[in-house]
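Residue numbers start from 1 in every chain, and the chains themselves are labelled A, B, ... in the order their sequence lines are given, proteins ahead of strands. Everything numeric here is computed off the predicted structure, so don't read it as measured data.
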There are 2 protein chains.
Amino acid sequence: MAKLPKPGQPVRGSRSGAPIMALFDLLGRRWAMGVLWTLSEGGAMTFRELQDRCETISPSVLNQRLGELKQAGFVTRSARGYVPTPLGERIYRHLVPLGDAARDWSDILDQSDPV
Amino acid sequence: MAKLPKPGQPVRGSRSGAPIMALFDLLGRRWAMGVLWTLSEGGAMTFRELQDRCETISPSVLNQRLGELKQAGFVTRSARGYVPTPLGERIYRHLVPLGDAARDWSDILDQSDPV
DNA sequence: TAGCGCGCTATGAAATCCGTAGCAACGATT
DNA sequence: AATCGTTGCTACGGATTTCATAGCGCGCTA
């Protein structure tokens with residue numbers, strides 16, 4: 001099992017553990033950003049609900065990602081289910097403009113390379 | 001070999017291919033964000049130089065990520081080496097504030113959980 | 001006590017990633 | 001012309017990660 005990336009300690013991709021590299025290690029795991037995104041968009045939700053919204057995630061990976069996100073302090077568990085922490089919300093807010101860029105990307109691909 | 005995620009087509013994580021999910025699929029592969037980041041920070045550079053800066057990346061993975069980023073239109077190859085495209089630059093600019101958040105994250109961890 | 005939904009774990013196969021070695025092409029040097 | 005160094009990558013085998021599916025133990029309700 002891969003250990004949790006922590007800024008300041010060697011992570012996959014950086015011996016120095018530059019914070020951004022630690023974050024990339026964490027968020028660059030399959031589904032990590034998708035989970036944070038879904039959770040931030042949808043508000044508090046249960047494990048199963050999250051699983052449904054993520055369409056194709058397997059429970060083992062969801063559980064693992066949730067554990068990592070919890071340990072990293074991006075997600076926590078409230079009475080009504082999993083929710084992003086303020087720190088998690090902040091990361092999410094930086095992810096939002098990526099959604100806009102993604103839409104433009106989609107438009108560009110449509111123009112240059114219609115299916 | 002995993003196929004290139006394209007918005008509008010089913011990707012890992014979304015049957016509908018919502019642009020953001022296609023982007024998450026692409027960027028959520030090991031080293032994808034790190035490569036884009038390194039390239040944007042350092043300007044045009046050769047394969048080997050990129051490999052050096054990424055410290056621990058293997059050439060096979062670097063080559064694969066570069067191919068994906070090229071196909072996605074985020075990176076291209078100029079006379080002086082690999083460079084991000086305008087679209088790639090744009091993604092990068094949205095990644096920058098994540099670096100700030102990562103530093104704060106690092107500070108928080110230092111306070112709450114000193115090694 | 002039977003049925004339900006819940007959070008999650010177990011398992012085994014498939015995909016991905018890794019480090020290392022090394023090849024072919026090129027230009028500069030001897 | 002033979003050698004050298006650099007570059008962009010590919011081959012390979014093993015380690016890790018992700019996957020789909022099945023199902024367990026719990027608490028609640030009827």
Next on the checklist: Which is more 5' along DNA chain C, the nucleotide nearest G81(A) or the one nearest S60(A)? Just name the residue.
Outcome noted: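 Between the two, 5'-proximity favours G81(A).
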Next on the checklist: Test side-chain contact (heavy atoms from CB on, under 4.5 Å) on L27(A) and I91(A); report intermediate values, then the result.
Outcome noted: CA-CA 10 Å; L27(A) 294 184; I91(A) 302 284; 4.1 Å; yes
Whole angstroms only, please: what is the [atom1]-[atom2] distance between [X] and [N]?
{"X": "I57(A)", "N": "dG7(C)", "atom1": "CD1", "atom2": "C1'", "answer": "14 Å"}
{"X": "Q51(A)", "N": "dA20(D)", "atom1": "CD", "atom2": "C1'", "answer": "11 Å"}
{"X": "D52(A)", "N": "dG5(C)", "atom1": "CG", "atom2": "C1'", "answer": "12 Å"}
{"X": "W31(B)", "N": "dC17(C)", "atom1": "CH2", "atom2": "P", "answer": "13 Å"}
{"X": "L66(A)", "N": "dC6(C)", "atom1": "CG", "atom2": "P", "answer": "15 Å"}
{"X": "L62(A)", "N": "dC6(C)", "atom1": "CG", "atom2": "C1'", "answer": "13 Å"}
{"X": "Q64(A)", "N": "dG7(C)", "atom1": "CD", "atom2": "P", "answer": "18 Å"}
{"X": "R29(A)", "N": "dT16(D)", "atom1": "CZ", "atom2": "P", "answer": "13 Å"}

Are any side-chain N or O atoms of [X] and backbone N or O atoms of [Y], one a donor and one an acceptor, separated by less than 3.5 Å?
{"X": "W105(A)", "Y": "A72(B)", "value": "yes"}
{"X": "T38(A)", "Y": "G34(A)", "value": "yes"}
{"X": "T85(A)", "Y": "G73(A)", "value": "yes"}

Checklist entry - What distance separates F47(A) CZ from R77(A) CZ, expressed to the nearest 0.5 Å? => result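 It is 9.5 Å, given to the nearest 0.5 Å.
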Compare the minimum distances between each of [options] and the side chain of [X], then state the nucleotide with the smallest one.
{"X": "S58(A)", "options": "dC8(C), dC19(D), dG8(D)", "value": "dC19(D)"}
{"X": "R77(B)", "options": "dG7(C), dC17(C), dG8(D)", "value": "dG8(D)"}
{"X": "Y82(B)", "options": "dT21(D), dC9(D), dG7(C)", "value": "dC9(D)"}

Checklist entry - Is any side-chain nitrogen or oxygen of R30(B) closer than 4.0 Å to OP1 or OP2 of dC18(C)? => result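 So the side chain of R30(B) is within the cut-off, an N or O lying under 4.0 Å from OP1 or OP2 of dC18(C).
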Next on the checklist: Measuring only between side-chain heavy atoms, which start at C-beta, is L26(B) closer than 4.5 Å to F74(B)?
Outcome noted: yes
Checklist entry - Going by number, which of residues 37-49 of chain B have a non-hydrogen atom under 4.0 Å from DNA chain D? => result T46(B), F47(B), R48(B)
Item to check | Heavy-atom closest pair, residues A22(B) and P5(B) | outcome: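 A22(B) and P5(B) have their closest heavy atoms at O-CB, 3.5 Å.
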